[in-house]
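As structure tokens, the structure follows; a few thoughts come after it.
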Number of protein chains: 2
Amino acid sequence: MTADNINMLLKTFNLRLTECRKDVIGVFMEQHHAVSQPDLELLLNHYDRVTLYRTLTTFLNKGIIHKVLDDTGLTKYALCSGHCTEHHHADEHVHFKCVKCENTICIDTVSVPAITLPDGFTYLDASLLVRGICKICQTKYNHSPAI
Amino acid sequence: MTADNINMLLKTFNLRLTECRKDVIGVFMEQHHAVSQPDLELLLNHYDRVTLYRTLTTFLNKGIIHKVLDDTGLTKYALCSGHCTEHHHADEHVHFKCVKCENTICIDTVSVPAITLPDGFTYLDASLLVRGICKICQTKYNHSPAI
DNA sequence: TTGTTATTTGCAACTTTGTTGCAAAAGGCG
DNA sequence: CGCCTTTTGCAACAAAGTTGCAAATAACAA
Ligand SMILES: [Mn+2]
Ligand SMILES: [Mn+2]
Ligand SMILES: [Zn+2]
Ligand SMILES: [Zn+2]
């Protein structure tokens with residue numbers, strides 16, 4: 001059933017159904033947080049680095065995935081939720097990076113608030129990265145014994 | 001007079017007044033946009049790459065500069081405006097990246113709006129990068145002849 | 001099922017950026 | 001000046017990104 005979804009997705013974007021592409025989309029669907037190229041290389045180590053690199057580039061151009069900013073200079077990626085096109089990414093939601101587990105997740109339920117720029121500036125889009133402690137790490141922390 | 005400011009700044013943070021550090025702060029003060037390490041290497045090419053790298057690290061730790069996220073995976077830096085300390089950066093303003101000239105500037109007059117996270121998430125800080133067309137490029141664009 | 005063609009992949013090679021150890025150079029201070 | 005600590009430059013390496021090209025493979029139609 002998930003395999004069907006993946007094939008459908010690739011066909012929608014006029015992409016050939018290759019093993020690598022299917023596996024990469026599989027990773028994005030399984031993982032509940034944004035994935036970097038190095039992450040992908042570890043998870044799918046039977047594919048060449050360059051192939052994964054080009055797969056990400058293709059998916060990015062088509063609007064299948066979007067960039068997720070990170071404070072380490074490492075670019076992460078996540079599946080686009082709505083229907084983004086080659087020319088415009090429509091997902092203006094908040095990204096949350098946990099300082100404990102280092103995972104970054106898309107918070108689809110919280111959208112980027114409207115920003116009023118000074119005169120003379122034209123708004124195109126925005127990326128908002130919130131740092132803090134995630135639900136899971138919060139729970140762990142609360143349950144740990146007092147020092 | 002600017003030289004005095006620079007010396008003062010370094011002394012405030014208990015740092016030795018070296019040529020490299022003074023030049024790096026000079027670059028940050030002159031430039032009206034965020035600067036990456038490669039930018040710095042071009043502007044101050046008589047210093048070793050590693051020295052510039054370590055200077056940025058030192059300034060970042062002390063709270064003299066702050067990171068400016070970029071959508072290319074390249075980290076940029078800018079002077080801290082308020083008084084940031086080693087342990088907390090207090091500049092929660094919007095960063096604006098122009099898609100024409102590729103410059104990123106700090107917009108100190110616009111602060112990052114408050115974000116309400118879902119239950120279980122703890123907020124620490126946030127980075128907001130707005131992309132669009134800057135004041136200068138906007139003017140150029142408007143004055144160019146119609147196609 | 002097989003052949004044809006355009007696309008995709010893997011490999012090699014290279015560039016750029018980030019990072020560390022160590023000895024020489026330079027800053028702060030009496 | 002002279003001492004001591006910090007900073008710098010060099011060498012060397014690690015990690016990430018990028019390109020060209022030939023071999024492999026997906027799509028499609030005979
Ligand atoms: Mn997202
Ligand atoms: Mn700033
Ligand atoms: Zn976490
Ligand atoms: Zn501009």
Side-chain angles (χ1 to χ4, degrees), chain A residues 3-4 6-27 34-62 64-77 86 102 104, chain B residues 3-4 6-27 34-62 64-77 86 102 104:
Chain A
D4 277 355
I6 292 174
N7 291 352
M8 203 76 84
L9 184 62
L10 287 170
K11 278 183 183 160
T12 305
F13 287 94
N14 281 310
L15 289 173
R16 290 196 179 177
L17 287 71
T18 70
E19 284 308 304
C20 182
R21 285 175 180 167
K22 287 188 276 188
D23 283 353
V24 169
I25 292 186
V27 167
V35 177
S36 67
Q37 189 183 323
D39 290 340
L40 218 50
E41 287 172 24
L42 286 175
L43 292 165
L44 302 175
N45 54 23
H46 52 293
Y47 294 111
D48 193 85
R49 240 162 50 79
V50 180
T51 304
L52 294 172
Y53 165 73
R54 284 194 267 230
T55 301
L56 288 175
T57 305
T58 302
F59 286 178
L60 206 54
N61 288 337
K62 289 283 182 172
I64 297 177
I65 58 175
H66 63 276
K67 281 190 185 181
V68 177
L69 297 198
D70 194 72
D71 51 356
T72 63
L74 197 73
T75 308
K76 294 182 175 182
Y77 306 88
E86 197 155 344
E102 306 245 276
T104 307
Chain B
D4 278 353
I6 292 174
N7 291 351
M8 204 77 83
L9 184 62
L10 286 170
K11 277 184 184 161
T12 305
F13 286 94
N14 283 309
L15 289 173
R16 290 196 178 176
L17 286 70
T18 70
E19 285 308 304
C20 181
R21 285 175 180 167
K22 287 189 275 188
D23 282 353
V24 169
I25 293 186
V27 166
V35 176
S36 68
Q37 190 184 321
D39 290 340
L40 219 50
E41 287 172 23
L42 287 174
L43 291 165
L44 302 175
N45 54 25
H46 51 294
Y47 295 111
D48 192 83
R49 241 163 47 78
V50 179
T51 303
L52 295 172
Y53 165 73
R54 285 195 265 230
T55 301
L56 288 175
T57 306
T58 302
F59 287 178
L60 206 53
N61 288 337
K62 288 285 181 173
I64 298 178
I65 58 174
H66 63 276
K67 280 191 185 181
V68 178
L69 298 197
D70 193 72
D71 51 356
T72 64
L74 198 71
T75 308
K76 295 182 174 181
Y77 306 89
E86 196 156 345
E102 307 244 275
T104 306

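In what follows, chains are A, B, ... by sequence order, proteins preceding strands, each numbered from 1. None of these values were measured; they are calculated from a predicted model.
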In whole angstrom, what separates A:R21's CZ from C:dT7's P? 11 Å
Approximate separation, where rounding is to 0.5 Å, of A:I65 CD1 and A:L60 CG: 5.0 Å
Distance in Å, A:Y77 OH paired with A:T57 OG1, rounded so as to fall on 0.5 Å steps: 6.5 Å
How long is the gap from OG1 on B:T104 to CG on B:L74, to the nearest 0.5 Å? 9.5 Å
For A:R16, enumerate each residue passing the side-chain contact (heavy atoms from CB on, under 4.5 Å) test, keeping only those at least two apart in sequence or located in another chain. A:T18, A:R21
Which atoms of nucleotides 2-4 of chain C (N or O only) lie under 3.5 Å from a protein N or O atom, and what are those distances?
none

For B:D70, salt bridge (Lys or Arg N to Asp or Glu O under 4.0 Å) partners two or more places apart: B:K76, B:K97
Over how many whole Å does the gap from A:D23 atom CG to C:dT9 atom P extend? 11 Å
What pairs with B:D48 under salt bridge (Lys or Arg N to Asp or Glu O under 4.0 Å), at least two apart in sequence or on another chain? none
Spacing of B:L10 atom CG relative to D:dT6 atom P, expressed in whole Å: 16 Å
Side-chain donor-acceptor contacts of residues 34-45 of chain B below 3.5 Å, not counting sequence neighbours, with atom names and distances?
{"from": "B:S36", "atom 1": "OG", "to": "B:D39", "atom 2": "N", "distance (Å)": "3.2"}
{"from": "B:S36", "atom 1": "OG", "to": "B:D39", "atom 2": "OD1", "distance (Å)": "3.4"}
{"from": "B:S36", "atom 1": "OG", "to": "B:D39", "atom 2": "OD2", "distance (Å)": "3.1"}
{"from": "B:Q37", "atom 1": "NE2", "to": "B:E41", "atom 2": "OE2", "distance (Å)": "3.0"}
{"from": "B:D39", "atom 1": "OD2", "to": "B:S36", "atom 2": "N", "distance (Å)": "2.9"}

Can you name the side-chain hydrogen bond (donor to acceptor under 3.5 Å, both in side chains) partners of B:T55, sequence neighbours left out? none
Got a sec, which residues hit salt bridge (Lys or Arg N to Asp or Glu O under 4.0 Å) with A:K22, two or more places apart in sequence or on another chain? A:E19
Is there a side-chain contact between B:V68 and B:H66 in this structure, where contact means two heavy atoms from C-beta onward sitting under 4.5 Å apart? yes
What closest approach, in Å, do A:L69 and B:D71 show between heavy atoms, and which atom pair accounts for it? CD2-CA, 3.7 Å
In short, the helix from C:dT1-D:dA30 to C:dG30-D:dC1 is bent end to end, axes from five pairs each side, to 10°, by 30°
I need the minimum non-hydrogen distance between B:G73 and A:T75, along with the two atoms involved. CA-OG1, 3.5 Å
Mind listing the N/O atom pairs, protein and nucleotides 25-30 of chain D, below 3.5 Å?
{"from": "D:dA26", "atom 1": "N3", "to": "A:R16", "atom 2": "NH1", "distance (Å)": "3.0"}
{"from": "D:dA27", "atom 1": "OP1", "to": "A:L17", "atom 2": "N", "distance (Å)": "2.9"}

Footprint string (nucleotides 9-17 of chain D, 5' to 3'): B base within contact, S backbone only, - free, heavy atoms under 4.0 Å: BBB----BB
Partners passing side-chain hydrogen bond (donor to acceptor under 3.5 Å, both in side chains) against B:Y47 (at least two apart in sequence or in another chain): B:D23
